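Chain letters run A, B, ... following the sequence lines, proteins first, then strands; residues in each count from 1. What you see is a predicted model, and the numbers here were worked out from it, not measured in a lab.
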Amino acid sequence: MEYDFRRIEEKWKKVWDEKEVYKVTEDSARPKYYVLDMFPYPSGAGLHVGHPLGYVASDIYARYKRLKGYNVLHPMGYDAFGLPAEQYAIETGTHPAETTRKAIQRYREQLDKIGFSFDWSRQVKTCDPAYYKWTQWIFLQLYNSWYNRETDRAEPIDSLIQKFKSGQLQPEIGEWSSLSEADQQRTLMKYRLVYLSFAEVNWCEALGCVLANDEVKDGKSERGGYPVEKRKMRQWFLRITEYSDRLLEGLNRVDWSESLKEQQRNWIGRSEGALIKFRLPTAHSQEERVEGIDVFTTRPDTIFGATFLVIAPEHEWVKKLTTTEQQKAIANYITYVKSRTDVERQQEKKVTGEFTGSYALNPFTGTEIPIYIAEYVLAGYGTGAIMAVPADDERDHRFAEKFGLPVIDVIDRSMHPGAAMEDKVGKMINSHFLNGMEVKEAIAAVLNEIEKRGIGQRKVNYKQRDAIYSRQRYWGEPIPMHYKVVGKPDLPFGESNDVPYPVFDPSPLELPVVSSFKPTGDGRSPLANNEEWVKNHYETDTMPGYAGSSWYFLRYMDPQNDKEFAAKSKIDYWQNVDVYFGGAEHAVGHLLYSRMWHKVLFDLGYVNTDEPFKKLVNQGMIQGVSRFIYRGSARPDVIIPFNKIESELTGDELKLLGINSIDDLGLICPIHVDISLVDEHGNLKIDEFKKWRPEYGNAVFLLNADGHYHCGSSVEKMSKSKYNVVNPDEVIAKYGADCFRMFEMFLGPIEQSKPWDDKGISGVSNFLKKFWRLFYEQGVWQVTEETANAVELKVLHKTLQKLEDDIERLNFNTCISGFMIATNELNSLACHKRSVLEPLVISIAPFAPFVAEELWEKLGNSGCVHHAAFPKVEPKYLIESSHKYPVSINGKVRAEIELPLDITPQEAENEVLGLDSVKKWTNGNPPKKFIYVKGRIVNVVV
RNA sequence: GCCGAAGUGGCGGAAUUGGUAGACGCGCACGACUCAAAAUCGUGUGCCCUCGGGCGUGUGGGUUCGAUUCCCACCUUCGGUACCA
């Protein structure tokens, strides 16, 4: 019987499905293990070979853990709300639900072919009302909670109300009991973990909605690359900043890659420093008096070098600080700043600013220092004001240079030649009581002094902002809130009496059917045109993409529950995710939001762990190899092969084209061609190409000397637009799913990105055939019941040992070579013994589940190989009595000698020095030194 | 600029604690089978060489009997981030 993967894979797919072999239930008798994949957004393009890389790895791990006796939760679902389906709806009128349903169906077909062990009965779809009902429920938990900084955890809002009632806390606007209902609500809104606020947001006109900070890259939208502008709007926010410290602290307790943890740390951006008040000279009192300006600094030690203050152009006191003489200049400057987009600001960093006319007093020296406004100081960070120390800060220095402001050196860095301005090293100078101190010492000393004199206090600042939660879109979870009075989106919250209240009924608040998906154009979502929404004064914005994905891993634990988001007993059993496989692109989005939600649920007692993902693996990307043809701008009818674009053309070619040199073709540009039109040697199939692109029908293709057109190539992201996509369906049709799985792993370490190279796949395909031949040779069953000998058992147990070590460390690529080595060795030993082959079949089952199941059955087993037990490694078969030592002379290997492992160093030395090949180097003289490392190496120093 | 990861044959990559660098696979060369080809199987394959050996893990130094592995400086690539005071 030949290895017929098509028949085998068809057969077992059906059997596994019918028998529900991957269905899992809570089982207190067995230890749990939770292996999770980041669930995909089902896009219309389907999967390419890069997508399943992480799924294959996690599936191998899940299957391995199952064989090891764990009760493994390994689910899959869909992150099904999102912009692409809605954009498509705007363009075509097709309902996003329909687009999404089709895409999911296609994903499922593709996934099924690869032989994953997902428990599909636990599938979730975030756009399913039965699912988002609970997303809304969690939203309301957040809404009905506040962060108690005294207990350092989230608590129900009732405990806050109690504090107000009892007078322990005082609302800003008056006695709690004297406040109107609306004012009480507005007060509570300042504490709720999701809250309504009026603030500057990232508005993307093209997408018609606001974006969270992590969805904006370089001033453009991450999705689509559209321009993003600042706009003040009434929005829901997630009060994630209350969790900044705990989100930082938790990173020390999870097993994630250093780079990913670092990204989260940088995003949160905690910095310790001081808030220092700079008073204004009394002589300079304004109409409305400004007592002083608070600045935030991480370098209070440099305060004696602070020669001016800079405040953000948006700072609330700009008006008050501006003197009459400076009013015009300041007004002009503010107009200029407003005209600058974020993109411009980031691309051309100009040194700009304007003097307000006012002065402040350096609290230590009493010196009057000028106050400037400048765009390099951001309103949103710290206090929006800085003390500028030009001697010790690059930006302040540039500013001082431009405006001719004094520079006072305060740190002597002569002992640290390579140190930059911002480095915290050196000795203090020109700084009165700090003189002579090291920087770190000085920081501590000045902080004490600042607090003693009451001019400021220690302060921790964060870069992280509260996340914007509202999206002015249709295809998302409705926010379950309604208003008693509807406010206007362009009016600050609180000025239009628009207090929101939760919608408890109907539950869930289901997305209505609408006829148009277009945004209203005035910043509101398509729901603002919906009769029911208008009538009930429902919130018309929907939730962001990260809402549904912030808790889906909990829903997998109890996906059908319609009473709770998940039953306590099930959460108690599954707890949290043991290993999470996914891309690093969600470093500061999804992975930060889910951690926050999980911590809130933990504080409120709904989950029993405070970190959702114990271990995280970022699989690399599989890139595509794009192919190009080349064309000159002046002669679009001429196609030049890759090898000729940088060389001279032959005389015949020049004559043919009627030009004098290759330069006459103009600027030569590459054009992507579909990789299916290029053969394995990189030559273009010209006729097929012309069929694909008829506009090139009459083009002249210059050829290489061998008569072919050779294409250029480059490694890029795999994408439809680059025509370099490899579809797993095709690979599986040609080689089978087992081969596809093993090849994806064989490509290299899981975290590494690498291009797809289908040349190498034949190696894995050959291996599977070879492995099969251990069982069937020329269609004849080879397996015998003979007793295995020591050599054969050593091959088996060495392999099992390697597999265990490598799988635990997620080194799946070396597992594959382990199988290859074992197969080669057993092949040359002509070993066909059941006692060796049967354990091998179990151990290969996680990698190649189909062929393993088929051979398991052929070996006469009735059950499923995936419910078997991983074979135990017997160390007794691995014990060696002697070792073949490499003998190095002065560190270079010159000889080899087999020595018993129990030999003494002295005996070893005698043996080694007696070797002819060693005598050649020692000339019979005793060595300077003799090193004997048991089981490793012998080194003779002469 | 800053932070993080990485640099090993023609290619993908291996070397787990400082102990034979290049496992395994691709490719290539030769051979077997075949009328022939494909497929398959076998052998060889880091580079140089005067066949003694020499050189080799981005570059230059260091520690060590011994360094891909540890230390210092630098170069390159990739990822993230950027007026964050």
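- In this structure, A:Tyr372 has its ring center under 6.0 Å from that of A:Phe399.
- For B:A37 and B:G44, the P atoms lie 24 Å apart once the distance is rounded to whole Å.
- Between A:Arg398 atom CZ and B:G1 atom C1' the separation is 10 Å, expressed in whole Å.
- Taking atom NZ on A:Lys769 and atom C1' on B:C41, their separation rounds to 13 Å, with Å as the unit.
- Because its NZ or CZ atom is both nearer than 6.0 Å to the ring centre of A:Trp256 and within 45° of the ring axis, A:Arg595 counts as a cation-pi partner of that residue.
- Comparing B:G79 with B:C28, their C1' atoms sit 35 Å apart, to the nearest whole Å.
- Atom name C1', nucleotides B:U76 and B:U64: the rounded distance is 29 Å, in whole Å.
- With a cut-off of 3.5 Å on both pairing distances, the Watson-Crick or G-U wobble partner of B:A5 is B:U77.
- Among the nucleotides B:G25, B:G66, B:A85, the one closest to the side chain of A:Thr297 is B:A85.
- The side chain of A:Val893 sits closest to B:U20 out of B:U20, B:G19, B:G4.
- For an aromatic pair to be called close, the ring centres must be under 6.0 Å apart, and A:Phe771 with A:Phe819 fails this.
- Side-chain atoms of A:Arg809 come within donor-acceptor range of the base of B:U16, with a qualifying N/O pair under 3.5 Å.
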